[in-house]
Amino acid sequence: MNLLLLAMDIFFLVLTNNTLVMGEKPVFVEPGDGSLPFSEAVRIGNILYLSGQIGFQSKSRLAHGFAKQFKAAMDRTQVILEENGSDFDCVIKATIMLRDMKNYKKMNLIISHFLRKTSC
């Protein structure tokens with residue numbers, strides 16, 4: 001099976017409990033281990049912008065198969081949200097790019113465990 005690293009990306013826009021102040025500067029959230037050359041998230045006021053996630057099962061190893069990759073990406077997203085005082089209930093926009101639409105049903109099944117119909 002030929003797995004591509006960019007099989008899917010997940011981007012989230014999250015409303016947090018902080019208040020927005022005019023002219024407020026962004027706060028860049030760096031990965032805890034400093035392994036990535038970009039920020040995992042950027043907070044501007046009460047909005048948290050998350051970087052895309054991919055389905056690693058360890059630091060350098062991609063999970064095998066779509067379902068495991070997608071679940072790993074969602075698990076990592078959940079960790080980033082929690083580290084920044086938020087959760088999936090506060091997500092106001094998510095962009096998920098699938099390489100193959102055959103995975104759409106699998107994606108919906110997995111994401112239904114993370115995104116619920118509640119309010120922040």
Side-chain angles (χ1 to χ4, degrees):
M1 176 180 281
N2 185 12
L3 295 178
L4 293 177
L5 186 63
L6 296 176
M8 50 85 196
D9 288 314
I10 307 172
F11 300 94
F12 288 95
L13 180 61
V14 182
L15 182 64
T16 64
N17 292 328
N18 294 348
T19 57
L20 183 61
V21 177
M22 289 298 288
E24 190 167 347
K25 299 209 185 244
V27 176
F28 297 92
V29 180
E30 304 301 329
D33 61 4
S35 63
L36 300 174
F38 56 85
S39 298
E40 287 185 324
V42 176
R43 179 188 303 272
I44 302 175
N46 65 340
I47 304 290
L48 182 68
Y49 299 87
L50 274 65
S51 294
Q53 297 298 313
I54 54 177
F56 285 116
Q57 71 181 28
S58 65
K59 274 187 179 180
S60 61
R61 194 161 171 230
L62 194 61
H64 183 71
F66 174 81
K68 289 181 181 177
Q69 288 179 24
F70 188 71
K71 171 102 172 42
M74 293 297 290
D75 288 340
R76 181 65 196 139
T77 300
Q78 184 170 11
V79 168
I80 295 169
L81 288 170
E82 290 171 357
E83 287 174 347
N84 287 278
S86 194
D87 58 31
F88 279 108
D89 291 344
C90 295
V91 170
I92 56 176
K93 181 182 186 323
T95 302
I96 300 170
M97 294 178 270
L98 298 175
R99 182 169 189 261
D100 188 342
M101 287 304 290
K102 288 188 280 185
N103 292 316
Y104 185 76
K105 285 184 181 180
K106 291 178 193 173
M107 182 268 307
N108 271 331
L109 179 64
I110 295 166
I111 205 168
S112 69
H113 297 285
F114 292 91
L115 300 177
R116 297 169 295 280
K117 293 182 180 179
T118 61
S119 61
C120 183

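No hydrogens, no waters, no symmetry mates; every other heavy atom, side chains included, goes into these values. Given the structure is predicted, the values throughout are model-derived calculations rather than measurements.
- The OG1 atom of T77 lies 11.0 Å from the CD atom of E82; values are rounded to the nearest 0.5 Å.
- Across all their heavy atoms, F88 and F114 have their closest contact at CB-O, 3.2 Å.
- In this structure, the separation between CG on L109 and CG on N103 is 12.0 Å, given to the nearest 0.5 Å.
- Annotation for A41 and I80: closest pair CB-CG2, 4.3 Å, computed over non-hydrogen atoms.
- F70 and M107 get closest at one heavy-atom pair: CZ-CG, 3.4 Å.
- Here the CG-CE distance, from L81 to M74, works out to 8.5 Å after rounding to the nearest 0.5 Å.
- Between R76 and E40, some side-chain heavy-atom pair lies under the 4.5 Å cut-off.
- From D87, atom CG reaches atom CG of L115 across 10.5 Å, with rounding to the nearest 0.5 Å.
- Here the CG-OG distance, from L50 to S86, works out to 8.5 Å after rounding to the nearest 0.5 Å.
- Atoms NZ and CG, on K106 and L98 in that order, are 11.0 Å from each other to the nearest 0.5 Å.
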